[in-house]
Structures are given as C-alpha cells and as structure tokens.
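Note: hydrogens, waters and symmetry copies are ignored here, and every other heavy atom, side chains too, is used.
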Amino acid sequence: QVQLVESGGGLVQAGGSLRLSCLASGRTLSSYAMGWFRQAPGKEREFVADISSRSFGSIRYADSAKGRFTISRDNAKNTVYLQMNSLKPEDTALYYCAATKRYFSGSLYDYEYDYWGQGTQVTVSS
C-alpha cells in the first residue's frame with residue numbers, strides 16, 4: 001500500500017510559478033511510475049505529466065504542460081515534484097499525484113494508476 005500526500009498548491013497570479021510536491025509513504029517510491037493529473041470544475045480529470053520508475057528513464061507531458069511544467073523525482077526523499085512556470089488561468093484545477101507499478105513508463109490514463117493523493121488546489125488569477 002502506498003499513501004500519497006500532495007502539497008504546494010495555492011493562489012498565484014498569471015505568469016507566476018508554483019512547485020507541487022507529492023510525498024509517498026508505505027513503500028519505496030523508486031519502483032513506481034508516477035503521474036500528475038488535474039481536474040478543473042465541471043471537467044474530466046486530465047493527464048499532466050508522468051515519470052517512469054527508476055530503471056526506465058522516461059518523462060512525458062501533456063501538450064498544455066510542455067515547455068512550462070517540469071516533473072521530477074527524488075527517490076531518496078520518496079517525493080515527486082511538479083514545477084509549474086508561466087501559469088495561466090486555465091491551469092486552475094485540483095492537482096493529483098498518482099502511482100502505478102503496472103507500467104514502468106507510467107500511463108496517460110488515470111484508470112491505470114493504483115494509488116492517488118487527495119489533491120492540492122491550484123488557482124491562477126488573471
């Protein structure tokens with residue numbers, strides 16, 4: 001069992017930055033691929049970025065995140081990060097981290113993740 005806790009959300013003006021953290025407990029994070037997803041009010045949850053488990057070495061981003069967001073992991077700290085720069089009002093959402101062992105590379109699909117955090121709210125004002 002893996003417990004995930006996100007933090008780092010908040011209110012920021014357009015153009016600003018935030019760094020989200022996802023701290024895992026219960027298992028060593030290095031063997032899990034990790035993903036960040038987000039859900040805006042009235043919309044489906046959508047993929048933001050994923051990072052493979054330690055042995056695989058791949059990262060993917062949604063088109064909306066490319067060039068602005070960076071996913072990274074510190075396995076020694078059992079933590080995954082999402083650095084978000086040049087934030088836009090359309091980035092406003094509840095951001096979730098998720099973990100999976102099904103695929104070393106992670107997945108674009110939320111149903112392929114087994115463990116989820118409770119989410120952290122990001123609000124970007126115009």
Side-chain angles (χ1 to χ4, degrees):
Q1 191 79 359
V2 177
Q3 292 81 43
L4 303 174
V5 178
E6 303 95 336
S7 61
L11 174 63
V12 64
Q13 288 189 329
S17 298
L18 285 173
R19 187 176 82 154
L20 306 184
S21 299
C22 174
L23 175 64
S25 61
R27 289 286 188 271
T28 302
L29 198 60
S30 60
S31 59
Y32 290 83
M34 301 297 297
W36 283 98
F37 289 77
R38 68 186 184 186
Q39 188 167 21
K43 294 189 176 181
E44 303 257 326
R45 187 160 54 188
E46 64 176 7
F47 170 81
V48 176
D50 67 0
I51 185 167
S52 62
S53 59
R54 179 178 56 186
S55 59
F56 203 73
S58 72
I59 288 175
R60 290 179 294 192
Y61 297 98
D63 287 344
S64 59
K66 285 178 183 175
R68 300 188 300 126
F69 294 4
T70 302
I71 188 171
S72 62
R73 64 191 302 159
D74 185 338
N75 290 327
K77 295 183 178 180
N78 251 19
T79 302
V80 176
Y81 303 98
L82 185 68
Q83 177 67 44
M84 305 188 294
N85 298 328
S86 302
L87 283 162
K88 305 175 182 179
E90 51 264 45
D91 294 318
T92 295
L94 189 59
Y95 283 71
Y96 299 91
C97 70
T100 182
K101 264 192 167 181
R102 302 188 206 185
Y103 305 101
F104 295 133
S105 60
S107 175
L108 306 180
Y109 306 106
D110 57 1
Y111 55 82
E112 292 181 334
Y113 287 83
D114 299 307
Y115 302 103
W116 291 84
Q118 82 291 347
T120 185
Q121 178 67 38
V122 171
T123 303
V124 184
S125 64
S126 57

Euclidean distance, Q121 CD relative to E6 CD, rounded to 0.5 Å: 12.0 Å
Shortest non-hydrogen contact from A49 to L82? CB-CD1, 4.4 Å
Can you name the nearest heavy-atom pair linking K77 to T79, along with the distance? O-OG1, 2.8 Å
Hey, are the side chains of W36 and F69 touching, using non-hydrogen atoms and a 4.5 Å cut-off? no
Point-to-point distance, once rounded to the nearest 0.5 Å, from CG of L4 to CG of L23: 8.5 Å
Cluster check W116, V80: I/L/V/M/F/W/Y, side chain < 4.5 angstrom: no
Among the clusters formed by ILVMFWY side chains lying less than 4.5 Å apart, do Y111 and Y103 turn up in the same one? no
Could you tell me the separation between the CG atom of D74 and the CG atom of L29, rounded to the nearest 0.5 Å? 9.5 Å
I'd like to check the ring pair (Phe, Tyr, Trp, His ring centres under 6.0 Å) partners of F47; sequence neighbours left out, ordered by chain and number. F37
Is there a path of hydrophobic side-chain contacts, each under 4.5 Å between heavy atoms, that joins Y61 and M84? yes
Donor-acceptor pair, S107 side chain versus Y109 backbone, under 3.5 Å? yes
Mind listing the closest non-hydrogen atom pair of M34 and C22 along with its distance? CE-SG, 4.2 Å
CD of Q118 to SG of C97, rounded to nearest 0.5 Å, is 8.0 Å
Please walk me through it: do Y81 and S21 pass side chain to side chain contact (heavy atoms under 4.5 Å, CB included)? CA-CA 5 Å; Y81 303 98; S21 299; 3.4 Å; yes
Is there a continuous path of hydrophobic side-chain contacts, each under 4.5 Å between heavy atoms, that joins I71 to L20? yes
In terms of heavy-atom contacts, Y95 and V48 come closest through CE2-CG2, 4.3 Å
Under the salt bridge (Lys or Arg N to Asp or Glu O under 4.0 Å) rule, collect the residues that match up with D110, sequence neighbours excluded. R45
Distance from I59 atom CD1 to D50 atom CG, nearest 0.5 Å? 8.5 Å
Minimum heavy-atom distance between A14 and S126, given as atom pair plus value: CB-CA, 4.4 Å
The reported gap from CZ in F104 to OG in S52 (rounded to nearest 0.5 angstrom) is 10.0 Å
Residues D91, K88: salt bridge by 4.0 Å N-O rule: no
Same cluster for V124 and Y96 if Ile/Leu/Val/Met/Phe/Trp/Tyr side chains link at under 4.5 Å? no
Counting distance only, does the side-chain N/O of T100 pair as donor-acceptor with the main-chain N or O of G106 below 3.5 Å? no
R38 backbone acceptor or donor facing E46 side chain under 3.5 Å: no
What are the two closest heavy atoms between S17 and S86, and how far apart are they? OG-N, 4.3 Å
In plain terms, say whether K101 and D114 are close enough for a salt bridge, that is, a side-chain N and a carboxylate O under 4.0 Å apart. no
